[in-house]
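Please read the structure below before turning to the comments.
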Amino acid sequence: MQELKENNVLQPAMPSSWNEESKPHKFCPGCGHGIILKALGEAIDELGIKDQVVFGCDIGCSLLSWDFFACDSVQTHHGRTTPVITGMKRANNEIIGIAYMGDGGGYAIGSQHLFNAAVRNEKITIILCNNCNYGMTGGQMAPTTLPGMKTETSPYGRDIEQTGAPTKGPEMVAAVAPEGAYVARGTVANVRQAKGFIKKALENQMAGRGISFVEILSGCPTNWRTNAKQTWEFIEKDMAQYFKVGELRVPQVKEG
Amino acid sequence: MAEVSLKGEQRVFMTGNEAVAWAAVAAKVDIMYGYPITPQNEIMHYWTRLAPKYGKRFLQVEDEISAGFTTLGGVMSGRKAFTATAGPGNVLMQESAGMAEMMRLPIVYIIQQRGGPSTATVIYAQQETTLTCFGGNGEGHRIVYSTATHQELFDYTIKAFNSAWTYRFPTFVLGDGYQAKMREPLTIYDPEERGQTLVKPVALVGENIKGKQFKHLRNTYNTEDELYEVVMANQRDWDAMAPKVVEWDQKGCEDAEVIFVTHGVVSRAASTAYDQLRAQGKKVGYFRPITVRPFPDEQLGAAVKGAKKLLVAESAYGQLLKMVKTALYGSNVEIVPMLRPGVGITTEEIVEEYSKL
Ligand SMILES: Cc1ncc(C[n+]2csc(CCOP(=O)(O)OP(=O)(O)O)c2C)c(N)n1
Ligand code: SF4
Ligand SMILES: [Mg+2]
């Protein structure tokens with residue numbers, strides 16, 4: 001943590017793995033991305049791995065984090081962060097590779113990469129922000145858009161007869177990943193828990209056990225057109241009802 | 001038979017794909033990422049056999065999009081990395097090539113062209129020339145070596161890694177199905193034993209140094225002006241590089257009336273046609289771009305100064321032709337095209353076409 005007081009003014013606590021120069025961050029007020037990245041920053045601090053981390057961000061609002069951390073960072077293409085970080089880790093095993101993406105990036109355009117990285121048990125950590133829509137492009141329907149939910153491309157509400165049911169990413173990864181995988185779903189409504197999941201996901205990679213995948217339920221008040229109360233209600237009630245929060249796969253750690 | 005190795009100079013008889021795998025070993029490549037497609041497969045087959053013996057790695061991924069982007073990951077972590085593909089796979093790899101152009105990532109692609117468009121044939125074509133030179137939503141900031149022989153496949157694969165890591169532009173070796181699958185003799189060697197330097201890779205991210213200055217790499221910009229600066233800086237670097245990497249071959253252009261312009265494996269047919277016709281006292285010439293990107297514009301312009309006609313022959317419908325026309329803009333030499341998309345071109349066919357002029 002940095003010095004809390006500057007010119008005698010109390011500063012907000014910031015993880016030391018954050019790049020101060022890029023703060024305040026560029027997300028909309030009330031956006032969940034910043035909360036997820038704060039949890040990630042604290043987890044990086046606590047594990048003391050700042051110099052080993054390569055943070056990869058996707059295209060989507062996650063790209064706004066390209067200079068978010070005081071860590072090596074690579075902003076890639078929409079959906080391609082998983083293969084970029086996979087390639088890096090395969091070439092240099094010492095890296096702690098983090099792939100950060102949205103639900104569109106992970107479950108639509110990059111779903112083949114996520115699926116196969118899980119099947120191959122790539123020793124990387126994937127953190128996915130589920131905000132039920134394509135935030136950056138202006139609020140279109142995403143694989144995770146809830147049944148009946150209105151978006152720009154489902155203006156009368158998502159019809160699951162026509163578009164299928166919302167993607168359950170962690171369930172999919174948990175179903176196909178071999179032993180050693182860590183899979184969880186957290187929420188920005190419970191940051192302590194989310195941070196715990198992210199930390200375990202990083203530790204799992206450090207132990208070289210297998211793929212680590214954490215989805216975090218998050219808010220997009222700008223495109224949802226919700227006020228603070230409605231935003232939190234949607235995350236805590238509607239989303240959490242469909243997307244069950246908790247750990248889906250926790251590797252058995254042999255007692256030493 | 002003695003085991004093939006890079007110790008000393010060794011005369012070998014192998015397929016082009018095998019030659020590429022050996023060249024990658026000779027260039028001290030660390031890792032290959034790939035997805036199967038004919039006629040490239042045996043590069044992976046040989047690499048996966050050789051790699052463990054030389055402490056190298058291989059990853060088979062889910063598609064060519066992934067092959068391109070995992071290779072970029074390998075490159076960014078400071079390893080010599082490459083991939084190989086053809087046809088529809090080359091189409092999918094253009095997305096990663098665009099990122100490499102923007103972020104100046106020294107990735108190497110081996111392309112063994114097959115018929116197109118679509119799935120077409122698994123055999124041969126020169127229909128990926130435009131795609132390989134200009135694929136993507138950018139300006140074609142890349143280096144493309146169009147090889148003609150197995151010796152060149154070996155030599156230029158080694159060179160491709162050096163060029164990529166020197167100039168930091170994506171670099172392609174543009175072969176084809178004939179070169180991939182045919183067997184012919186060549187000499188393989190350890191370039192360092194020959195006194196050649198292998199350019200060392202450098203990590204762009206991920207070096208584990210305490211308290212290092214972190215790096216932020218991106219390909220997205222907020223304003224038109226910001227983007228303009230980046231693209232123009234890349235363009236200036238590319239322009240400055242072009243005269244240093246451009247390569248071509250020519251014969252008899254000084255007094256030629258008709259010059260054959262071809263690239264890749266077709267230039268072998270053209271070269272033999274040239275020899276035969278010259279032996280009969282015919283005033284023919286031969287010009288071959290080896291780098292199709294950057295294209296030897298000036299060199300071609302100078303070579304055709306005294307000629308009456310050019311016979312441009314290619315196994316595509318006008319891809320080389322377009323480059324030739326661009327290079328010769330303003331010249332009034334007559335250009336006669338010989339366009340055979342997806343089929344081979346023999347010496348006899350070139351001689352016949354010549355006799356019709
Ligand atoms: C190949 C490609 N297709 C489409 C886009 C346009 N695009 C940019 S961001 C985005 C969606 C982002 O949604 P998501 O991944 O859910 O991230 P969010 O913004 O919601 O955090 C799309 C479709 C693109 N950049 N590249
Ligand atoms: S559009 Fe939505 S996801 Fe993107 S920054 Fe704004 S609130 Fe966050
Ligand atoms: Mg989203």
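Only this structure's heavy atoms are used, side chains among them; waters, hydrogens and symmetry mates stay out. The structure displayed is predicted, hence computed values, not measured ones. So you know, we letter chains A, B, ... as the sequences are listed, proteins then strands, and number each from 1.
Between chain A and the options B:Arg79, B:Glu62, B:Lys212, the largest number of non-hydrogen pairs under 4.5 Å is found for B:Glu62. Between chain A and the options B:Ser66, B:Gly68, B:Gly73, the largest number of non-hydrogen pairs under 4.5 Å is found for B:Gly73. The greatest number of non-hydrogen atom pairs below 4.5 Å with chain A, out of B:Leu59, B:Thr71, B:Ile209, is found for B:Leu59. In terms of heavy-atom pairs under 4.5 Å with chain B, the best-connected choice from A:Asn92, A:Ile95, A:Val119 is A:Asn92. Across B:Leu204, B:Leu217, B:Asp30, the residue that shares the most heavy-atom pairs under 4.5 angstrom with chain A is B:Leu217. The greatest number of non-hydrogen atom pairs below 4.5 Å with chain B, out of A:Gln52, A:Arg80, A:Glu94, is found for A:Arg80.
When heavy atoms are compared at a cutoff of 4.5 Å, A:Val84 approaches chain B by way of both its backbone and its side chain. Neither the backbone nor the side chain of A:Thr82 comes within contact range of chain B; no heavy atoms are under 4.5 Å apart. With a 4.5 Å cut-off on non-hydrogen atoms, A:Ile96 does not touch chain B at all. In this structure, no portion of B:Met102 lies under 4.5 Å from any heavy atom of chain A. Interface residue B:Val61: backbone and side-chain heavy atoms are both found under 4.5 Å from chain A. For B:Glu95, the parts sitting under 4.5 Å from any heavy atom of chain A are the backbone and the side chain alike. Of the two parts of B:Arg57, only the side chain, counted from C-beta on, holds a non-hydrogen atom closer than 4.5 Å to a non-hydrogen atom of chain A.
In this structure, A:Lys23 forms a cation-pi arrangement with A:Phe68, its terminal cationic atom sitting closer than 6.0 Å to the ring centre and no more than 45° off the ring axis.
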Query raised in the report: Between B:Tyr46 and B:Trp22, is a ring-ring contact (aromatic ring centres under 6.0 Å, His included) present by the stated rule, with each step listed?
Result: CA-CA 8 Å; B:Tyr46 286 108; B:Trp22 275 106; 8.8 Å; no

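In terms of modelled atom types and a separation under 3.5 Å, the side chain of A:Asp58 and the main chain of A:Tyr100 share no donor-acceptor contact. B:Asn137 contributes no side-chain N or O that, together with a main-chain N or O of B:Gly98, makes up a donor-acceptor pair within less than 3.5 Å.
B:Phe82 has its ring centre less than 6.0 Å from the ring centre of B:Trp47. Under the 6.0 Å cut-off for aromatic ring centres, B:His216 and B:Phe214 qualify, their centroids lying closer than that.
Environment of CZ in A:Phe115: sparse, with no more than 12 heavy atoms of neighbouring residues, nucleotides or ligands closer than 6.0 Å. Under a cut-off of 6.0 angstrom, the local environment of OH in B:Tyr228 is sparse, with at most 12 non-hydrogen atoms contributed by other residues, nucleotides or ligands.
Salt bridge present: A:Glu171 and A:Arg185 bring a charged side-chain N and a carboxylate O closer than 4.0 Å.
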